[in-house]
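Naming convention: chains lettered A, B, ... in sequence-line order (proteins, then strands); numbering from 1 in each chain. Just the heavy atoms: all of them, side chains too, but no hydrogens, waters or symmetry mates, feed the values below.
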2 protein chains.
Amino acid sequence: MAEKVTSLKVAERAGVSQSAVSRVFTPGASVSKKTADKVRKAAAELGYRPNVLARAMVSGKSRIIGLVVAYLENYFYPEALEKLSNALQEKGYHVLVFMASQTAGNVDKVVEEILDYQVDGIVMASVAMSSDIAERCQQAGVPVVLFNRYEDREGVAAVTSDNFAGGRKAAEFLLAGGHQRIALIAGWEGASTQRDREAGFRSALSQAGQPVFARGKGEFKAEAARDAARSMFDVPPDQRPDAVFVANDHMAFSVMDVIRFELGLSIPGDVSVVGYDDVPPAAWLAYDLTTLRQRANLMVAETVATLMRLIETPDAAAPRKTALDCPLIVRGSARVPLGWTSEG
Amino acid sequence: MAEKVTSLKVAERAGVSQSAVSRVFTPGASVSKKTADKVRKAAAELGYRPNVLARAMVSGKSRIIGLVVAYLENYFYPEALEKLSNALQEKGYHVLVFMASQTAGNVDKVVEEILDYQVDGIVMASVAMSSDIAERCQQAGVPVVLFNRYEDREGVAAVTSDNFAGGRKAAEFLLAGGHQRIALIAGWEGASTQRDREAGFRSALSQAGQPVFARGKGEFKAEAARDAARSMFDVPPDQRPDAVFVANDHMAFSVMDVIRFELGLSIPGDVSVVGYDDVPPAAWLAYDLTTLRQRANLMVAETVATLMRLIETPDAAAPRKTALDCPLIVRGSARVPLGWTSEG
DNA sequence: TTGAAAGCGCTAACAG
DNA sequence: CTGTTAGCGCTTTCAA
């Protein structure tokens, strides 16, 4: 392997000082065109590129963003990851990925590791944050943005969709469809998204004077949702819900599989199903799932904007919590009330 | 934000030299238990953790692996990414992700950026590698492993499944099922995976004296596959294939949608479908897709092993190309020959 | 086993 | 505008 090409080598070849080389590669530094040309020429000949790590050390800015994810089985996240990585790349940042199982201590450990890399910021997708760790980041001066989760606690920025409103819309749609026995398969109780979706759902239902006919625990996992669906629907017809709101699409698919293929019921003939997220498979015709769309584009854009604001002005006002509107995408998995059209 | 805690601060508090602190945090360095205890105590009190970047600068090892991906819509990759990241994390490495569109120059640019981070190795998933860039990495002394692709060129390590054998199995299964008009929807021609799958498929077919009844271009994209399926199947019954091998699951789903929901044909009654990858949705009952399983676990394990070998012994023998066996998973989307059982 | 000293490759004042 | 001079926080000789 060839010798390492340093700025010093380039400087020698170009006949300038080493700092001149540095300046040429530092946007906004003052260099004469003549020097710049000489340096660029020498750099090109040598194949020189600045060492990002060295730069990070002295400048204190690594241009690395740590990303913690725990849940790539939910296809909302690959999409988000892709968009996030692209958006950050455009701003000259790169993403260091850390997988975290939702285990208690694990996330904390992972965040410590992230901090070791002197990241400029952290995005936590679908993971909860202990206050210990929040403080640790604060004290390290590293801004954190929660993605698709939030903490009630002050001072932690978060970007979500408006899950409460989304839950309401699901219920309203089912109500308008004339359903009488509306059930819910909930996600993992530890998630703010789950809590808000259920709260919104319940609020609309009770406003209409209807109870939640049945409630299953899906934990945001396909397996758990399948079990929940079995005990919810494998019952005599008169005890069976005629509609179910499933707290995310990932679970909704396995719920639909149980309803149609294990129990031989028809969707939406016997049961209407509404999901949440609008991941790509929701649009596949075999599912054709009516669902609340989380707009990954917008959520990512807002996340990046928030992060940049926090990085550039660390002493800014209290970090913002954003909740983006969440359109109902009407497809074929739930009976459509007369005259109702999709919001998407 | 509190002051930065450096090894020097810890040294002062522990009453030892700064290098003593360094040694305590360097596995395998020689320190007395007494010093170690003092240092650890001081470090804990101060919340000290070594700065990975500084360490990387002097040691030349960043413990960062660059990962280039281009294709997260194919759900084989999120799975692989998750497993890869986990496996690497266990070995004390972390993954810096770079999204690359398959555009010609783009990958090269991305790899340059990766190199700027002084990564210890690079994994390229589903992206081709120009020989320019291969040389660049070589000269920078950074080992590269191709994941789910290979280059014919010597000297580039690669991990794939045995796509030729897989293609053969697909054909043999369809043949054994008694199909007379077996078609193919191909992936992107630039990919070695596509070429091998098709070659294997053709080899078994011609060995049985059958032609490829029809061939569509799916490009590994759902949209393209949909169009290909439309023109392949929306024809008079006697010109219609009775079976189709689709070069990956991602495309197979949209092909199935066209066949069943747009054209009202039955699977496997009118048409048998076989895919490739065995991504999670292939097991969802609404698709229940017979497919060749790419064992992400094994592929990732092999990738990590290869990478570690290359990192630890840079002057090792010519990098290895591995092709892992690929079992046929028999489900309901293709007619099952009598007495045939799944390999998975 | 330990401390002192010399950098890793770069940026950021500071004079000139 | 440009060169000189200090480091960034750490590992690693080299003597002691």
Side-chain angles (χ1 to χ4, degrees), chain A residues 1-40 42-43 46-64 92 115-120 140-141, chain B residues 1-40 42-43 46-64 92 115-120 140-141:
Chain A
M1 112 171 124
E3 283 310 298
K4 248 191 187 149
V5 185
T6 68
S7 59
L8 186 60
K9 297 249 179 46
V10 177
E12 280 164 3
R13 183 175 246 265
V16 299
S17 77
Q18 184 267 342
S19 29
V21 177
S22 170
R23 286 193 189 97
V24 172
F25 288 93
T26 305
S30 83
V31 222
S32 70
K33 184 168 186 328
K34 204 169 130 234
T35 323
D37 286 347
K38 277 193 299 191
V39 169
R40 270 187 227 292
L46 263 33
Y48 168 79
R49 308 204 101 214
N51 179 331
V52 177
L53 264 31
R55 175 179 286 178
M57 268 216 64
V58 38
S59 71
K61 256 82 251 319
S62 65
R63 309 215 64 111
I64 298 179
L115 260 13
D116 294 347
Y117 280 91
Q118 312 295 112
V119 296
D120 291 348
Chain B
M1 109 173 129
E3 283 309 297
K4 247 187 188 151
V5 184
T6 67
S7 60
L8 186 58
K9 297 248 179 47
V10 177
E12 282 164 2
R13 182 175 247 268
V16 298
S17 76
Q18 184 267 341
S19 24
V21 177
S22 170
R23 285 191 190 100
V24 173
F25 288 94
T26 305
S30 86
V31 225
S32 71
K33 185 169 185 326
K34 205 173 129 228
T35 320
D37 286 346
K38 278 194 298 188
V39 168
R40 271 188 226 292
L46 263 34
Y48 168 78
R49 307 203 105 217
N51 180 330
V52 178
L53 264 33
R55 174 178 287 178
M57 268 215 63
V58 38
S59 72
K61 257 82 252 316
S62 64
R63 310 214 63 109
I64 298 179
L115 259 14
D116 294 347
Y117 280 90
Q118 313 296 112
V119 295
D120 291 347

| message | Can you list everything that forms a salt bridge (Lys or Arg N to Asp or Glu O under 4.0 Å) with A/Lys34? Sequence neighbours excluded, please. | response | none
Please set out all donor-acceptor pairs under 3.5 angstrom arising from side-chain atoms of residues 18-28 of chain B, sequence neighbours excluded.
from    : atom 1 : to      : atom 2 : distance (Å)
B/Gln18 : NE2    : B/Ser7  : OG     : 2.9
B/Ser19 : OG     : B/Ser17 : OG     : 3.3
B/Thr26 : OG1    : B/Ser22 : O      : 2.7

| remark: Taken in chain and number order and not counting sequence neighbours, the residues that satisfy side-chain hydrogen bond (donor to acceptor under 3.5 Å, both in side chains) with A/Asp116 are B/Arg49
| note | Residue set satisfying side-chain hydrogen bond (donor to acceptor under 3.5 Å, both in side chains) with B/Thr6, at least two apart, ordered chain then number -> none
| said: For the helix from C/dT1-D/dA16 to C/dG16-D/dC1, what angle separates the axis at the start from the axis at the finish, each from five pairs, in steps of 10°? | reply: 30°
| request: Quick one: closest heavy-atom pair of A/Leu53 and B/Ala56, and the distance? | output: CD2-CB, 3.9 Å
| task | Provide the closest heavy-atom pair for A/Leu115 versus A/Ala140 in the form atom of the first, atom of the second, distance. | result | CG-CB, 4.4 Å
| query | What is the per-nucleotide protein-contact pattern of nucleotides 5-12 of chain D, from the 5' end, where B denotes a base atom under 4.0 Å from a protein heavy atom, S denotes such proximity for sugar-phosphate atoms only, and - denotes neither? | reply | --BBBBBB
| query | Rounded to the nearest 0.5 Å, how far does CD1 of B/Ile64 lie from CD1 of A/Ile64? | reply | 5.0 Å
| task | List in chain and number order the residues that pass side-chain hydrogen bond (donor to acceptor under 3.5 Å, both in side chains) with A/Ser32, two or more places apart in sequence or in another chain; answer none if no residue qualifies. | result | A/Thr35
| said: Among residues 28-36 of chain B, which ones have heavy-atom contacts with DNA chain D below 4.0 Å? | reply: none
| What pairs meet the side-chain hydrogen bond (donor to acceptor under 3.5 Å, both in side chains) rule with one or both residues in residues 51-63 of chain A, with sequence neighbours excluded? | A/Ser62-A/Asp120
| request: Could you list the residues that satisfy side chain to side chain contact (heavy atoms under 4.5 Å, CB included) with A/Lys4, not counting sequence neighbours? | output: B/Gln118
| field | salt bridge (charged side-chain N to carboxylate O under 4.0 Å, His left out): pairs with one or both residues in residues 7-19 of chain A, sequence neighbours excluded | value | A/Arg13-A/Glu45
| said: Under 4.0 Å from a heavy atom of chain B: give me the 5'-most and 3'-most nucleotides of DNA chain C that qualify. | reply: C/dT1 to C/dG9
| query | What are the two closest heavy atoms between B/Val52 and A/Tyr117, and how far apart are they? | reply | CG1-CE2, 3.7 Å
